[in-house]
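Some notes on the structure that comes next.
Values below: all heavy atoms of this structure, side chains included; hydrogens, waters and symmetry mates excluded. Fair warning: this is a prediction, and the values are worked out from it, not measured in the lab.
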There are 2 protein chains.
Amino acid sequence: MRQDMIKLKEELELRGLKFTRQRKVIAQKIFSMRKHFTAEELYSMLRKKHHVSRATIYRTLDVLASMGFVEVHDFGQGRRYYESISGKTSHCHFICTGCMKIIEFPSDEIKDIINRMARKHNFTVNRYSINVYGLCEECAKKMKKQPGDA
Amino acid sequence: MRQDMIKLKEELELRGLKFTRQRKVIAQKIFSMRKHFTAEELYSMLRKKHHVSRATIYRTLDVLASMGFVEVHDFGQGRRYYESISGKTSHCHFICTGCMKIIEFPSDEIKDIINRMARKHNFTVNRYSINVYGLCEECAKKMKKQPGDA
DNA sequence: ATTTGTGCAAAACGTTTGCAAGGCG
DNA sequence: CGCCTTGCAAACGTTTTGCACAAAT
């Protein structure tokens, strides 16, 4: 945790960027979260206590993403989800369309396949996002009793 | 092509929905396209000649997606991409962040892995989306000469 | 005749931006 | 001190919506 903050400070300095109060607060929060979150969620968590503006949230998430501290995912809700990748290996997501719960699963096998395909197409891979949509165990049970969802 | 239209008519009737002029025009266009497209692109292709409104485009795409005639992808540009899946097997996408070109590649191996993981987690798979972001061959070359893009 | 679909314009949504003021190095 | 960053509010682009009218079965 502290380690992440040190790395962040170094990365910022390396690029001539500043280690401001807002960036500290935002990074602190992100590094302490385990779930996926949206910019708006982060904003509502920080605005009152820590006086961080919406624009700063968005701008800081961009910075953190470009430096590789967070990963960005598009689960097709018209909004972006972020996650801290500190100490995580890349993984795939099961997204339950019933309750929006996100289950992660490892992806080393898939990663190898992607890299093989990329080489074949001379494509330079930057990042990838594997999203599987469906129903988690609980929601699948509910659907049986009272259907009517997408 | 004709075959798709017949299937669409049947599916609509099955659900008590109507086979309107607008839906015919939109479906015709979609079934004849091979590339991925956005709602706005489709709108500008059809509005003048065929007098289809923007709202109808969006609503019809929803209907076609819910019936499985088109697949929806969110590549994270704040807009959705659609593709007709007539006669296609599911596949993955390489998305070039330089020129937004989309390269498809087959995914049978990946599909098997996903199904295996889903079984393990008791997750009911509905659809999945594998998106690899990076640079296509041409854009990678350009970047070497004149960098400055994300 | 009934029910679903359409067009329009306005609203909603998440995100980005311009600019003046503030703060870090 | 200079440059980077912030906050605000307005702008943005895409998508959704309410409602009155139109059209399909």
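With sequence neighbours left out, A:Tyr128 forms a side-chain hydrogen bond (donor to acceptor under 3.5 Å, both in side chains) with A:Ser90.
Here A:Phe105 and A:His93 keep their ring centres 6.0 angstrom or further from each other. In this structure, the ring of A:Phe37 has its center no less than 6.0 angstrom from the ring center of A:Tyr81.
Distance B:Gln77 CD to D:dT14 C1': 13 Å, rounded to the nearest Å. The CG atom of B:Leu42 sits 14 Å away from the P atom of D:dT14 (whole-angstrom rounding). With rounding to whole Å, B:Leu61 atom CG is found 13 Å from D:dT16 atom C1'. Nucleotide D:dT14 holds its P atom 16 Å from the CZ atom of B:Phe75, rounded to whole Å.
Of the residues near DNA chain D, A:Arg59 and B:Asp62, the one whose nearest nucleotide (by heavy atom distance) lies more toward the 5' end is A:Arg59. Nucleotides of DNA chain C nearest to B:Tyr43 and A:Arg80 differ in position, and the one nearer the 5' end is that of B:Tyr43. Summary of the strand contacts: A:Gly16 and A:His51 both lie near DNA chain D, and taking for each the nucleotide with the nearest heavy atom, the more 5' one is attributed to A:Gly16.
Close approach of DNA chain C to chain B, defined as any atom under 4.0 Å from a non-hydrogen atom of the protein, starts and stops at C:dT3 to C:dC8.
Within the nucleic acid shown, B:Glu13 has no heavy atom closer than 4.0 Å to any nucleic acid atom. B:Arg23 comes within 4.0 angstrom of the backbone, heavy atoms only, and of no base.
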(message) Is there a salt bridge (charged side-chain N to carboxylate O under 4.0 Å, His left out) between A:Lys101 and A:Glu138? Walk through the geometry before answering.
(response) CA-CA 11 Å; A:Lys101 186 195 311 175; A:Glu138 294 84 57; 2.5 Å; yes
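For B:Glu83 and B:Lys35, the salt-bridge test fails: no basic side-chain N is under 4.0 Å from an acidic carboxylate O. Between B:Glu109 and A:Arg116 there is a salt bridge, since a side-chain N of the basic residue sits under 4.0 Å from a carboxylate O of the acidic one. With respect to the salt-bridge test (charged N to carboxylate O, under 4.0 angstrom), the residues A:Glu11 and A:Lys7 do not qualify. A salt bridge links A:Asp108 with A:Lys111: the distance from a Lys NZ or Arg NE/NH1/NH2 to an Asp or Glu carboxylate oxygen falls below 4.0 Å.
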Are there any protein N/O atoms within less than 3.5 Å of an N/O atom in nucleotides 20-24 of chain D, and if so, which ones and at what distance?
unit_1, atom_1, unit_2, atom_2, d
D:dA24, N3, B:Lys18, NZ, 3.2

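A donor and an acceptor atom never sit less than 3.5 Å apart when one is taken from the side chain of A:Arg47 and the other from the base of D:dG7.
At a threshold of 4.5 Å between side-chain heavy atoms, the hydrophobic network of Ile, Leu, Val, Met, Phe, Trp and Tyr places B:Leu8 and B:Ile57 in one connected group.
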